[in-house]
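Note that this is a predicted model, so its numbers are computed, not measured. One-based numbering, in listed order, for ligands and for the atoms of each.
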Amino acid sequence: MSDTVKFLLPEDRIPKHWYNIAADLPEPLAPVLNPGTGQPIGPDDLAPLFPMALIGQEVSAEREIEIPEPVRDVYRMWRPSPLHRARRLEAALDTPARIYYKYEGVSPAGSHKPNTSVAQAFYNKEEGTKRLSTETGAGQWGSALAMAGSLFGLEVDIYMVKVSFQQKPYRRALMETFGARCVASPSEETESGRQILAQDPDSTGSLGIAISEAVEVAAQNDDTKYSLGSVLNHVLIHQSVIGLEALEQMEMAGDYPDIAIGCAGGGSNFAGLVFPFLGRKLRGGEDIRVIATEPAACPTLTRGTFAYDFGDTAHLTPLVKMFTLGSTFVPSGIHAGGLRYHGMAPMVSHLLDLGLIEAAAFYQLDCFAAGVQFARTEGIVPAPESTHAVKAAIDEALKCKEEGSGRAILLNLSGHGHFDMQAYTDYFAGSLVDEAYDEATLTKALDGLPGVAAE
Ligand SMILES: *Cc1c(COP(=O)(O)O)cnc(C)c1O
């Protein structure tokens with residue numbers, strides 16, 4: 001096995017096709033339902049919000065979907081992303097395990113999110129969209145879409161949860177530098193925003209409210225479409241470039257992962273890394289253990305229910321079958337903002353239900369400790385979200401040490417933490433606390449699930 005620590009592919013090895021795991025599923029996904037009629041929705045229902053190319057991908061069962069050349073051309077700015085062997089972390093843990101990480105923080109926005117924002121901007125531009133509307137919580141998705149909009153000549157309106165708008169001025173500055181318009185939500189610009197403000201002029205906002213504003217703007221303007229940074233099938237398909245590259249890079253390393261790990265908020269970076277490996281297994285190839293990691297404060301996969309639910313708090317979206325904590329569940333203010341969503345990608349949920357993946361929840365103090373150890377050995381400060389993957393990888397590596405077995409562990413380092421240093425400051429100051437979810441709040445939110453015969 002080679003001593004190499006960094007496995008780099010040349011530009012021409014950027015994948016030419018995305019991978020769609022729908023082609024390899026033992027059972028198909030449950031249909032998306034219209035909440036009014038309870039019937040499966042069709043492409044026309046989604047047409048006001050998304051371009052037809054993306055709607056086609058959303059329902060596609062094709063294994064390979066061609067990546068348009070202009071998208072590959074933008075990918076070239078930072079892809080293929082490096083795969084590292086974490087030799088210094090292995091030494092610090094004194095483990096026989098071989099730890100590899102795929103590093104997505106090399107993108108212009110600092111995370112995996114541009115893998116889909118660029119594709120979404122491209123298809124919208126092709127179909128004549130002038131403006132994209134979206135929501136952002138912590139600002140990672142907003143900055144990724146702002147960058148993609150600037151490259152393809154689209155206006156981008158971003159409804160940013162007001163509390164983050166006030167607390168994260170640098171993320172807002174990044175979006176504005178890329179030319180996007182960033183609006184604190186709830187705003188006076190939309191009916192949904194005005195309604196909230198009439199009831200509560202001091203509302204600090206929520207992702208659910210921001211989604212309602214962005215969807216309303218897209219639904220009411222012919223030249224505007226809506227864009228989402230996770231959860232949906234087409235987003236997971238775009239993220240498959242991560243795992244497709246990693247497959248080749250593991251081959252360069254002369255190794256194959258026994259375990260693959262990703263943190264899961266809506267499920268897109270996790271799916272992006274692991275689905276190409278899972279697909280091989282489903283087609284009769286190498287076995288692999290796959291673990292999705294999440295915060296104990298928002299334990300969608302480990303404590304949620306597999307049922308039909310709305311994607312947003314305001315109940316404007318169709319019903320999707322997924323692991324959910326209930327659309328009214330509001331997790332505590334943990335620092336991993338990207339992992340605070342009540343639901344999970346239907347595709348990831350389905351695979352957990354089929355027993356093809358595992359899930360594990362971790363407390364934030366343990367995750368920050370893992371993130372600090374990673375920074376001090378590998379030189380990269382992980383995003384608070386990514387520390388949940390690092391923590392699981394360290395635990396697995398320590399198990400290998402106990403058992404005296406040398407397994408290969410692959411994790412996705414979904415982003416760097418340079419815009420989240422306040423979280424690390426709070427961690428060092430001892431002002432972060434471990435918060436689990438509130439049992440009563442969860443029970444109430446789950447009681448409120450829409451009554452659909454969950455088939
Ligand atoms: C948004 C984000 C996540 C969570 O989103 P997924 O769709 O679950 O990947 C994780 N890590 C980083 C760095 C993010 O920006």
Against Glu245, only a single residue in Lys16, Arg13, Lys102 fulfils salt bridge (charged side-chain N to carboxylate O under 4.0 Å, His left out); can you say which?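 Considering Lys16, Arg13, Lys102, a salt bridge (charged side-chain N to carboxylate O under 4.0 Å, His left out) with Glu245 is found only for Lys102.
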Does NZ or CZ of Arg85 lie under 6.0 Å from the centre of the six-membered ring of Phe7, at an angle within 45° of the ring axis?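 Not satisfied by the 6.0 Å and 45° rule.
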For Tyr341, give me all partners under side chain to side chain contact (heavy atoms under 4.5 Å, CB included), at least two apart in sequence or on another chain.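 Once residues adjacent in sequence are excluded, the partners of Tyr341 under the side chain to side chain contact (heavy atoms under 4.5 Å, CB included) criterion are Val231.
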Plane angle bin for Phe270 and Phe275 - parallel if under 30°, tilted between 30 and 60°, otherwise perpendicular: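 Phe275 and Phe270: perpendicular rings.
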When the ring planes of Phe368 and Tyr424 are compared, do they come out parallel, tilted or perpendicular, using 30° and 60° as the limits?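 If you compare the ring of Phe368 with that of Tyr424, the planes turn out perpendicular.
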Check ligand 1 for N or O atoms under 3.5 Å from a protein N or O and list each pair with its distance.
residue	atom	partner	partner atom	Å
ligand 1	7 (O)	Ser230	OG	2.5
ligand 1	7 (O)	Ser268	N	3.0
ligand 1	7 (O)	Ser268	OG	2.7
ligand 1	8 (O)	Gly265	N	2.7
ligand 1	8 (O)	Gly266	N	3.0
ligand 1	8 (O)	Gly267	N	2.8
ligand 1	9 (O)	His112	NE2	3.1
ligand 1	9 (O)	Ser268	OG	3.3
ligand 1	9 (O)	Asn269	N	2.8
ligand 1	9 (O)	Asn269	ND2	2.8
ligand 1	11 (N)	Ser414	OG	2.8
ligand 1	15 (O)	Lys113	NZ	2.6
ligand 1	15 (O)	Gln140	OE1	3.3
ligand 1	15 (O)	Gln140	NE2	3.3

Is it the case that Glu104 and Asn115 place a side-chain donor and acceptor less than 3.5 Å from each other?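 Yes, side-chain donor-acceptor contact under 3.5 Å.
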